6 protein chains.
Amino acid sequence: MSEYETLSVTQSEGVATVSLDRPDKANALNMRMWDEIGQAFRALDKEESCRVVILEGNGKHFCAGIDLMDFSQVMMSPEKCEARKRDKLRNLILHLQSCLTAIEDCRKPVLAAIQGACVGGGIDMVAACDMRYASSSAYFEIKEIDIGMTADVGTLQRLPYIIPDGIMRELSYTGRRVDSEEAATIGLINRVFADEAALKDGVETLARQIAAKSPLAIRGTKEMIKYTRDHSVADGLNYIATWNAAMLMSADLQEAMAARMQKREPKFKD
Amino acid sequence: MSEYETLSVTQSEGVATVSLDRPDKANALNMRMWDEIGQAFRALDKEESCRVVILEGNGKHFCAGIDLMDFSQVMMSPEKCEARKRDKLRNLILHLQSCLTAIEDCRKPVLAAIQGACVGGGIDMVAACDMRYASSSAYFEIKEIDIGMTADVGTLQRLPYIIPDGIMRELSYTGRRVDSEEAATIGLINRVFADEAALKDGVETLARQIAAKSPLAIRGTKEMIKYTRDHSVADGLNYIATWNAAMLMSADLQEAMAARMQKREPKFKD
Amino acid sequence: MSEYETLSVTQSEGVATVSLDRPDKANALNMRMWDEIGQAFRALDKEESCRVVILEGNGKHFCAGIDLMDFSQVMMSPEKCEARKRDKLRNLILHLQSCLTAIEDCRKPVLAAIQGACVGGGIDMVAACDMRYASSSAYFEIKEIDIGMTADVGTLQRLPYIIPDGIMRELSYTGRRVDSEEAATIGLINRVFADEAALKDGVETLARQIAAKSPLAIRGTKEMIKYTRDHSVADGLNYIATWNAAMLMSADLQEAMAARMQKREPKFKD
Amino acid sequence: MSEYETLSVTQSEGVATVSLDRPDKANALNMRMWDEIGQAFRALDKEESCRVVILEGNGKHFCAGIDLMDFSQVMMSPEKCEARKRDKLRNLILHLQSCLTAIEDCRKPVLAAIQGACVGGGIDMVAACDMRYASSSAYFEIKEIDIGMTADVGTLQRLPYIIPDGIMRELSYTGRRVDSEEAATIGLINRVFADEAALKDGVETLARQIAAKSPLAIRGTKEMIKYTRDHSVADGLNYIATWNAAMLMSADLQEAMAARMQKREPKFKD
Amino acid sequence: MSEYETLSVTQSEGVATVSLDRPDKANALNMRMWDEIGQAFRALDKEESCRVVILEGNGKHFCAGIDLMDFSQVMMSPEKCEARKRDKLRNLILHLQSCLTAIEDCRKPVLAAIQGACVGGGIDMVAACDMRYASSSAYFEIKEIDIGMTADVGTLQRLPYIIPDGIMRELSYTGRRVDSEEAATIGLINRVFADEAALKDGVETLARQIAAKSPLAIRGTKEMIKYTRDHSVADGLNYIATWNAAMLMSADLQEAMAARMQKREPKFKD
Amino acid sequence: MSEYETLSVTQSEGVATVSLDRPDKANALNMRMWDEIGQAFRALDKEESCRVVILEGNGKHFCAGIDLMDFSQVMMSPEKCEARKRDKLRNLILHLQSCLTAIEDCRKPVLAAIQGACVGGGIDMVAACDMRYASSSAYFEIKEIDIGMTADVGTLQRLPYIIPDGIMRELSYTGRRVDSEEAATIGLINRVFADEAALKDGVETLARQIAAKSPLAIRGTKEMIKYTRDHSVADGLNYIATWNAAMLMSADLQEAMAARMQKREPKFKD
């Protein structure tokens, strides 16, 4: 599965692992990496054998954010018309967003495993994941403010649903560093692990647990939680009723029932 | 007031108590209980003397979730056309939802007092309540995932507004058990009481406090909080301005003012 | 800058301080103060040299809520037609709301520094601020319930986005007192300072940090967080892409880049 | 089926006819009639053998609007507290609305056949129907403006989706009479029939045509058109995809295919 | 009332007339006129004696659109930072929009009386009015396309609710001229009058009719139609129920009833 | 440009023409054609030299709707689990929708030129176009109802914004034929041309007119009209202000101004 230049993607049983793989650059996001993240998660969405995804970074840091050198070059353009230049810039931003939205739109849960720096674009990225776990070495900074820009690939759109409003604002106005303890307290991550080995282990265990559940039920659950965020409760209730009209009576429900009767673990097809 | 088979409903002064009453089944929800919950809360909504409702479970557990035996029978249907069968299933889910939405639509605050198991449909139920309190014996599981289904009577629609997003996803993907301490930390419940006696006592004290407030003001407050969840802030501000144009100048406001002058407790009419 | 009767407004470098200034009345909100809050924040929104605002209360208490004497007089009206009277009341409420919404609509971050009482209308006010900080003497009460009314100038519309839902309901139904420790735990405030001197100091330090950031980036960030609260994530992503098409390529981005190269602090124009 | 006092309800094959039946009062809406309309349409929604509904008025006029005598009595109340009185009034209006919303929520198409006066509440009523047809004697007036009130049971909420905005406003500000020709031009009705016999005939023919279609497909179509009105196109597309995941593969689709092969009319089960 | 430079504002009984008054410039919109339109309609909104407003243009043409000379000068700015320049431009557009939104937000119906050219900004303006009437000399062009810009002060936001979608797009892509006959056919105007005298007469007659209605009922009606455009039907129904809880029981309702009993015209207070 | 099997795509100056090209099948939509429509419009969206698109059908008919033979085969699946089968079906429908949404999302205006049959999926397709024109031979049928299904690729989501509500319902419940005259009356098409030669000529003339306008302004206009349909007017106004902050000051605006001064036709770059 490894046709990627900036990522390494592996899979063991139902658990795929996407590793950001520019460790010498602290996994800074260059144009190639943006694109490959989009590709990788669109591929995993389609790959039936994949049930859960772990997103991690190779090396000391999870992700140092956008690669500024690379980005400056992309933004430079021979275009003379100011409006056309900005039209291109708008399309570029929409494209970068779509690469991270591929994480959110992937129907399998995505667990971020974070060590070292998770700053700038790194936060935009993990905000599109389902859950976040970190080692004690991890730290977080909404770094965009310090390069004089408004974050534009997801942090300001998704993080307010994850951490408390007052903290959200403080962090995005100041760019101050949040260590893993505070990150757990404010709900940015679900748990702190003592070190990277424990993190790897812990997240994998969790991923395997989820991979053992009914894939239909997991997908429906991810879809509903995403839907709830953007719709009224009344709309959400109507949607799940319609969804389950199609999806409830399944081989997985039967298998779960049978396993329960027979006091064994259920086994679900992909 | 006790025309119910699966519930016991009592009232003392302004405080009504709805007790799930199938203790031998750990208060598992059968079709009768779904219906009666809807009926009971619609009746309490109309009952002027009732100002606050406590929802509790008789016996060792609050609620073991849906009664699977009962549900399988309901789902079985002689209908041959697959689409008609699913149309019926959709209507059944909408009906079950409406029974729990009756809790949310009841204009009086509903306080859940939880001991022992609160799993599956039990969580859907308490997510429709205003506040949740538990004894130290309580535990919570989004159990639906383990029977191979996507939860469809409110958990995935209401709980994301109550607990942090990252935790919400972890719990609904894994179905793992949350004890009362963790439940308090994540905001699922407001407080842990040492044991069931303390829980009963604590919740009743709180209920009586609320029952002593202006019923008009309480109703307006519940309405506004519900409205805020599903609308923009601008819409919410316009709504309360229009609401209070009708409801602000009341006998309750006068009584509250008078009591304050006379340094006595106010007494509000139902 | 001090044309106000109930406020004192000062500015030091980019940091403006708005002080509620009726200390003998515990800064209770009379009609004049409502109006002046609106005026002051609209003026600060326009004032280019102002980059951050601190909102504080002179004297022992931050704000004792609405001045009931004053409000009763305003509500009294010779109008005979009941509907016209209520139409006027509705317009009055909309006007009071607009005074606090001026805080939210001010494009500069507003930091509330709170000591002593912050009750009733005081909570509506700080809920419209970006962040809230308090000394250990601070306490909070959603007092409206005790005068028999539904809070109508923002608490029930904005606080549910700031604190957990279960707590939000408990506090607004009971009006019970929350001390500064609990306020920090539930996310109502970001931090507790030991005493008022520490509070003043801490908030000013933070304000100066924010004032040193790119004003364009700060404004964009505030706009996006506000927009996210009231829109879907998809709408938010599209909006920031369009916004940054116009605002990303700025003198501030260049200055930030240059400063980084030259290993110095950036200096941004107003 | 005729347990009603103010309505007569009959059914012939799949076509039910609901006739307003207070001809001596020009079918003015009294409290009983409001209630019975709600009951009748909720019953028809459930009645599987019913596939289409015609709503008509016995006598010279379709409906003269609300029965003012009756309404004044209902509005009178011994309640002393102004706010409680208004709370009751609000609930009354919500109740009247729900009676007409039952027409919209009935899953079978409802065709209004209109002769003579269709004014005030009559327009609210037909605005909740799927289609409107009239004889040349019909006329329409948004009469509420002439009794000094803002129409509150659906006209101002549903008619703007039916007729052009500029005309909508003119008619609701002036209350002026619209004859059947103009009604057809502005889209208020679909067609004018020469006289009442032709109207009856024409609407019945149409109703029978619709009754011969797949009831599953008809219900889905009504649901989608209603959903579109209140949601974005993107939401609507997602909803129908989920709906048809459950409902597309049906006995009706098979029957329609088979009939097409065999060059005969399809026959669908209820 | 005539403190305006570019407008003349008069009032006769309850009917105010706002005349665009730069006839030598075909009433082209310069910065002064934008501002004064905002001021005039905000003043008329507050003026209790005013019940209806006529908006017309002095001279041969209603309005030739934006004054390009004037606008170019406004857009020129010494600002060096591209982003700050665009931030200023954004605020300028928001300001121009707010001047026309003042027409929509004016609680009294606004009737546009149109002769000759109504192009560019003129269409943005009349799209914010309640109803539009024209003489046979009138013509309409969405002229912005021909100066290489996307219309940005309301046409593309409000006109799609007024005219059919297919026509809306054709007109805004081509900028082609629509004469008054076609304008009536597509619903852009309500009626064509033979000449300007007939137009003036006809619109005044209509305005006086509306001015004779209950001002409370008229305001409520305008509010509801505006609300419906931007909300779901369910939200609209809830809003009018709450509104009428406050506004239904009025002196106007009593006067309307009394007048009806006494077979006389009702007379309503301002 | 013609790598397509079921389409022919040509371009002359700025005007591209997409012709459905299965004339022997009356251009019925098979899976290949669905896919190619998506591809073609995504390619044209990106192709800078293309400014306007004409969508037409080769042969006697525009489009006979979905190819039922082809669709039945696609729907057949060896999948045993009912829920997985329906999950696949849902994804298939979403895919078909996305092919037509590519028409709507193409930033260039799309003009449909229609002769003969335009039924079933053909209507879904033209509903995603900007404007529709037809020869007198054209006729339209919402045919889905007659194969026992609820239309699911756009008709029920987009057509209600194009034609009057009452007519929309009649046509989708009955599937009755609408000829080109009626289609023009109800706004389904903008104009009827005498025959196909006149249609071709007329649509090309219009397309060339649009192609001569500023491409930036055209794109902005299409974006805004689409945005308005799905958002409130307030949101729309804010969006265009932000959009034009980026896009207003353009080479096109300058060229338009210059051309106007020099009394010549403007010439805009792609």
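Model, not experiment: these values are computed from the prediction.
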- Query: So, does Asn190(D) use its side chain to make a donor-acceptor pair with the main chain of Gly166(F) at under 3.5 Å?
  - Reply: yes

- Which atoms of Ile162(D) come close to chain F, meaning under 4.5 Å heavy atom to heavy atom: side chain ones, backbone ones, both, or neither? both

- Query: Between Ile189(D) and chain F, which part of the residue has a heavy atom less than 4.5 Å away: side chain, backbone, both or neither?
  - Reply: neither

- Spatial distance of atom CG (Leu89(F)) from atom CE (Met249(D)) [nearest 0.5 Å]: 5.0 Å

- Against chain D, label Thr155(F) side chain, backbone, both or neither, depending on which of its atoms sit under 4.5 Å from a heavy atom there. neither

- Message: Which atoms of Ile186(F) are under 4.5 Å from chain D, going by heavy atoms: the side chain, the backbone, both sets, or neither?
- Response: neither

- Item | Proximity breakdown for Arg219(D) and chain F, heavy-atom pairs closer than 4.5 Å | neither

- Could you have a look at Gly154(F), Pro164(F), Ser172(F) and say which one has the most heavy-atom pairs with chain D under 4.5 angstrom? Ser172(F)

- Item | Short side-chain to backbone donor-acceptor contact, Tyr161(F) and Thr228(D), under 3.5 Å | yes

- Can you name the nearest heavy-atom pair linking Gln97(F) to Asn238(D), along with the distance? OE1-N, 4.4 Å

- Query: Do you know which two heavy atoms are closest between Ser232(D) and Asp230(F), and how far apart they sit?
  - Reply: CA-OD1, 3.6 Å

- Query: Side chain, backbone, both or neither: which part of Met224(D) has a heavy atom under 4.5 Å from chain F?
  - Reply: both

- Message: Is Ala251(D) close to chain F through its backbone or its side chain, or both, or neither, when contacts mean heavy atoms under 4.5 Å?
- Response: neither

- Task: Considering non-hydrogen atoms only, spot the tightest contact between Ile147(F) and Leu253(D) and give its length.
- Result: O-CD1, 3.1 Å

- Could you look at Asp146(F) and say if it's the side chain, the backbone, both or neither that has a heavy atom under 4.5 Å from chain D? both

